[in-house]
Engineer: 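The following block contains the structure, expressed as structure tokens.
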Amino acid sequence: MHWLNALAVVILMMSGWRIYNATGFLGFTIPKGITLGGWLGGALQWHFAAMWVLGINGLLYLAFNLASGRLLRKFFPVSPKALLADLLAALQGNLAHADPRHYNMVQRLAYLFVMLDSVLLVVSGLVLWKSVQFPLLRELMFGYEGARLVHFIAMAALAAFVVVHLAMVVLVPRTLVYMTRGR
Amino acid sequence: MTIKPTPRLAIDGDAVLKEAVSRISHASKPGTPARREFLRRSLTLGGLAMLTGCSLTDEASVDTALSRISRINDDVQGWLFDPNRLAPTYPDSMITRPFPFNAYYGQDQIREVEESSFRLEVTGMVADKRKWSLPELRAMPQIDQVTRHICVEGWSAIGKWGGVSFGHFLRRVGADLSAKYVGFKCADDYFTSIDMATALHSQTLLALTYDGQPLPPKYGFPMKLRMPTKLGYKNPKHIQAIYVTNMYPSGYWEDQGYNWFGGS
């Protein structure tokens, strides 16, 4: 589930950057070398193919985690006090990862954040794709133009998460073994 | 707009597809042996690595796979399309001024169509195939609306179009409303086509005016099809011929890879 999601995110992000470049509405363009699709039409095809992978995978993930109680068990409670303590420990470089199956407070918050951010990406993406057919979502996203901005900011937040996420894997490489082995 | 398709990043589409299929079939089997699990996951890791590596196998198979998904997306959009759901309308004060010009060519190549000799052709699955002059179209009941035009590039602009309800026009010419497609051929050599459900949507206009004035050449004189439920490239300008058909008629941008349904 994780790796399929990672694949979808990489495709969506790289093709999304090419789509963004069609207008560059925030005043800058993204280097063509790190985009996917070659031209706008190609990028859109990639984007609208990978969206199904992310959407279906994400729905299955949420359904499985809610139904099995894993969501509550692994990501809650999040206590601000414990979060502060873990954050300080992390910054000092001695946050323990004795049991990688147990998420510390920083991890819980980061993973919950990325779940919510992904929901935001899907909702704003639905508005961009079908703004007439989803009027309620459109109003929630401050209209079509609002959804463009939300979609971009949520993408940037996800990109920031990925950077930190990968940096953490580099710092604690054995988590990669657990991830690839699935336990 | 003169974007030309350029070579794309090649990815082994078949492998990616096969991988996705195998993952889905595996997902239903809990307790897969750890070794297989490991292999499976590292395979996907390989898939990820391919993305950064470029050029592996033939581009054609990737294109085919993506086009196939685009066709599925046409069907999904047709299913999502609610004939009774209206696109938002806006007050005149919100009209974008100046409204942007957009075509597959530059402003210096805008076609001028002669009004006096102009006749709109209507062919295909229609009872009445006679040609229409502009005064005849102007004599039909006119409506106008202020709606948002959304471009496939991402930008949007609000404009005011007026003209004949396209559903009304299709009924008037005795079009077979059970046909699948309506196609358009334009004086600027553009062509595109839409689904019958959208053609009959109450906001779909055979637009003859822009902002209360006869459509200027840059916005598609003598007429354009205006649909606030579809992206800009689905709204043809300088329409010369309309035909009703069951044969997939495609379109200028659609042939190059833009999604056919192009709905919003």
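Each chain gets a letter, A, B and so on, in the order its sequence line appears, and its residues count up from 1.
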Engineer: With ring-ring contact (aromatic ring centres under 6.0 Å, His included) as the test, pick out the partner of B:H149 among B:Y219, B:F101, B:Y233, B:W155.
Structural biologist: B:W155
Engineer: Less than 4.5 Å to any heavy atom of chain B: does that hold for the side chain of A:Y144, its backbone, both, or neither?
Structural biologist: side chain
Engineer: Below 4.0 angstrom, N of the basic side chain to O of the carboxylate: do B:K237 and B:D188 qualify?
Structural biologist: no
Engineer: Considering only NZ, NE, NH1 and NH2 on the basic side and carboxylate oxygens on the acidic side, decide whether A:R108 and A:D86 come within less than 4.0 Å.
Structural biologist: no
Engineer: Among B:D195, B:T192, B:T204, B:N235, which residue satisfies the side chain to side chain donor-acceptor pair (under 3.5 Å) criterion with B:K230?
Structural biologist: B:D195
Engineer: Determine whether A:M115 and A:F75 satisfy the following criterion, side chain to side chain contact (heavy atoms under 4.5 Å, CB included), listing intermediate values before the conclusion.
Structural biologist: CA-CA 11 Å; A:M115 282 180 222; A:F75 300 100; 3.5 Å; yes
Engineer: Heavy atoms only, distances under 4.5 angstrom: which of B:I72, B:V76, B:N73 has the most pairs with chain A? Name it, please.
Structural biologist: B:N73
Engineer: Could you look at B:N259 and say if it's the side chain, the backbone, both or neither that has a heavy atom under 4.5 Å from chain A?
Structural biologist: neither
Engineer: Of all of B:G154, B:P88, B:P228, B:A87, which one pairs up most often with chain A through heavy atoms under 4.5 Å apart?
Structural biologist: B:G154
Engineer: Can you tell which of B:I150, B:D82, B:L86 has the highest number of heavy-atom pairs within less than 4.5 Å of chain A?
Structural biologist: B:I150
